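In listed order, ligands and their atoms are each counted from 1. As the structure is a computational prediction, the values presented were derived from the model and not from experiment.
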Amino acid sequence: MQTLETALVSLGIEEVASSISSLIKEAEKKKVSYEEFLRMVAGYELEARAVKREAILLRLAHFPVIKTLSGFDFSFSPEIDPCLINQLAELRFIQERENVLFLGPPGVGKTHLAIALGVEACRRGMKTYFTTLEEMIGRLAAGSPMMLSRRLRRYLSCQLLVIDEVGYLPLSATQAHLFFQVISSRYEQGSTIITSNKPVIEWGEYLSDPTLAAALLDRFLHHCHVVSIKGESYRLKEKTGLLRAQHKRGISQSTAKQSDL
Ligand code: ADP
Ligand code: MG
């Protein structure tokens, strides 16, 4: 005859199987009813599976580092509306297959916020993938063009794709077309978060093709929450005194002049 543990394993109730004796002991101690005991066991299995799934999703997401919203200091960036970010963290935008665009100069927390939303998505069981634009385009461009659809799968199969650092290096026509393919394939199919230091008005030049840029932005911005950040770099916060002095002297004007888009 099978032991209780092996029977549970055969049924696929593996998390409970490894803890069944302590669950029975706890139930005996608390003198719970049969029904309560079954609820306890089912709850234990579900909880343990959720923890395991979250760990797997976090690993598959390839975040360079884990960032959370609780670790984000909104008082440092008063122009970011915490209500909007907290509303995004409810992740309805993923269910609705909408996008998010974080715009702003370096160091203002764009990547932090994008990762934090991605981590939240993993916690809620949603398949997420993080990449920089450079890495994504490098992977898509490498290898035979015949296998492109296979390479695209990584970027199309997730519910949330985070594309970080859009706007640093100008793209060639081929690279811009690969970027377009990802955005147009995900349009109304899955959510994408983009972080960029470049106002979208400059994307025509950046993508070396204003028509392609317009087509890409048309799709991406159709259902999109735009978070425009215009603060000082958090990385340089110890040097804020120096930065303020520079602002006063008019040396650092690029962030102050950046338009919303
Ligand atoms: P960006 O992507 O805009 O260049 P990052 O998100 O990489 O900036 O932020 C740079 C560093 O500063 C990261 O370590 C990030 O966690 C931290 N950081 C930025 N803004 C904040 C903030 N408001 N509260 C806490 N940490 C922040
Ligand atoms: Mg960044």
Item checked: E36 and R39: CA distance, side-chain angles, deciding distance, salt bridge (Lys or Arg N to Asp or Glu O under 4.0 Å) verdict -> CA-CA 5 Å; E36 185 57 31; R39 206 176 305 133; 2.8 Å; yes

Item checked: Stepwise salt bridge (Lys or Arg N to Asp or Glu O under 4.0 Å) check, R49 with E14 -> CA-CA 9 Å; R49 282 187 193 184; E14 294 180 13; over 6 Å; no

Check: Is there a salt bridge (Lys or Arg N to Asp or Glu O under 4.0 Å) between E188 and R97 once you walk through the steps?
Finding: CA-CA 6 Å; E188 295 187 340; R97 293 159 187 175; over 6 Å; no

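Remark: side-chain polar atoms of R123 are not paired, donor with acceptor, to backbone N or O of E54 under 3.5 angstrom. A distance-only check finds no donor-acceptor pair linking the side chain of Q159 to the backbone of T128 [under 3.5 Å]. Of the possible donor and acceptor atoms, none in the side chain of R139 sits under 3.5 Å from a partner among the backbone N and O of E134. Using modelled atom types, one side-chain atom of H112 and one backbone atom of T68 make a donor-acceptor pair closer than 3.5 Å. With hydrogens and angles disregarded, a donor-acceptor distance shorter than 3.5 Å links the side chain of R124 to the backbone of E90.
Counting the atoms of ligand 1 from 1 in the order shown, those under 4.0 Å from a heavy atom of D73 are 22 (C), 23 (N), 24 (N), 25 (C). Those atoms of ligand 1 that come under 4.0 Å of a heavy atom in P106, given as number and element, are 4 (O). Every atom of ligand 1 with a heavy atom of S77 under 4.0 Å away is listed here by number and element: 23 (N).
Ligand 1 has a nitrogen or oxygen under 3.5 angstrom from a nitrogen or oxygen of V108. In terms of polar-atom proximity, G107 is counted as a contact of ligand 1, with an N or O under 3.5 Å from an N or O of the ligand.
When the shell of 6.0 Å around CD of E79 is examined, it contains more than 12 heavy atoms from other residues, nucleotides or ligands.
The nearest protein atom to atom 3 (O) of ligand 1, hydrogens excluded, is given as K110 NZ, 2.8 Å; this is a heavy-atom distance. Y234 CB, 3.2 Å is the protein heavy atom nearest to atom 19 (C) of ligand 1. In this structure, atom 11 (C) of ligand 1 lies nearest to the protein heavy atom R235 CG, 3.9 Å. With respect to atom 8 (O) of ligand 1, the closest heavy atom belonging to the protein is G109 N, 3.2 Å. From the protein, the heavy atom lying nearest to atom 13 (C) of ligand 1 is K67 NZ, 3.9 Å. With respect to atom 16 (O) of ligand 1, the closest heavy atom belonging to the protein is H112 ND1, 2.6 Å. Protein heavy atom closest to atom 2 (O) of ligand 1, with residue, atom name and distance, is T111 OG1, 2.7 Å.
Using modelled atom types and a 3.5 Å distance limit, the side chains of S191 and N99 yield no donor-acceptor pair. Side-chain N/O atoms of Y44 and S19 include a donor and acceptor closer than 3.5 Å.
The number of protein N, O or S atoms lying under 2.8 Å from the Mg ion (ligand 2) is 1.
In this structure, F72 and V108 approach most closely via the heavy-atom pair CZ-O, 4.3 Å.
Of the candidates F102, F72, F74, the one placing a heavy atom closest to atom 22 (C) of ligand 1 is F72.
For S233, the closest heavy-atom approach to ligand 1 does not fall below 4.0 Å.
In this structure the side chain of L103 never reaches within 4.5 angstrom of the side chain of I229, judged on heavy atoms.
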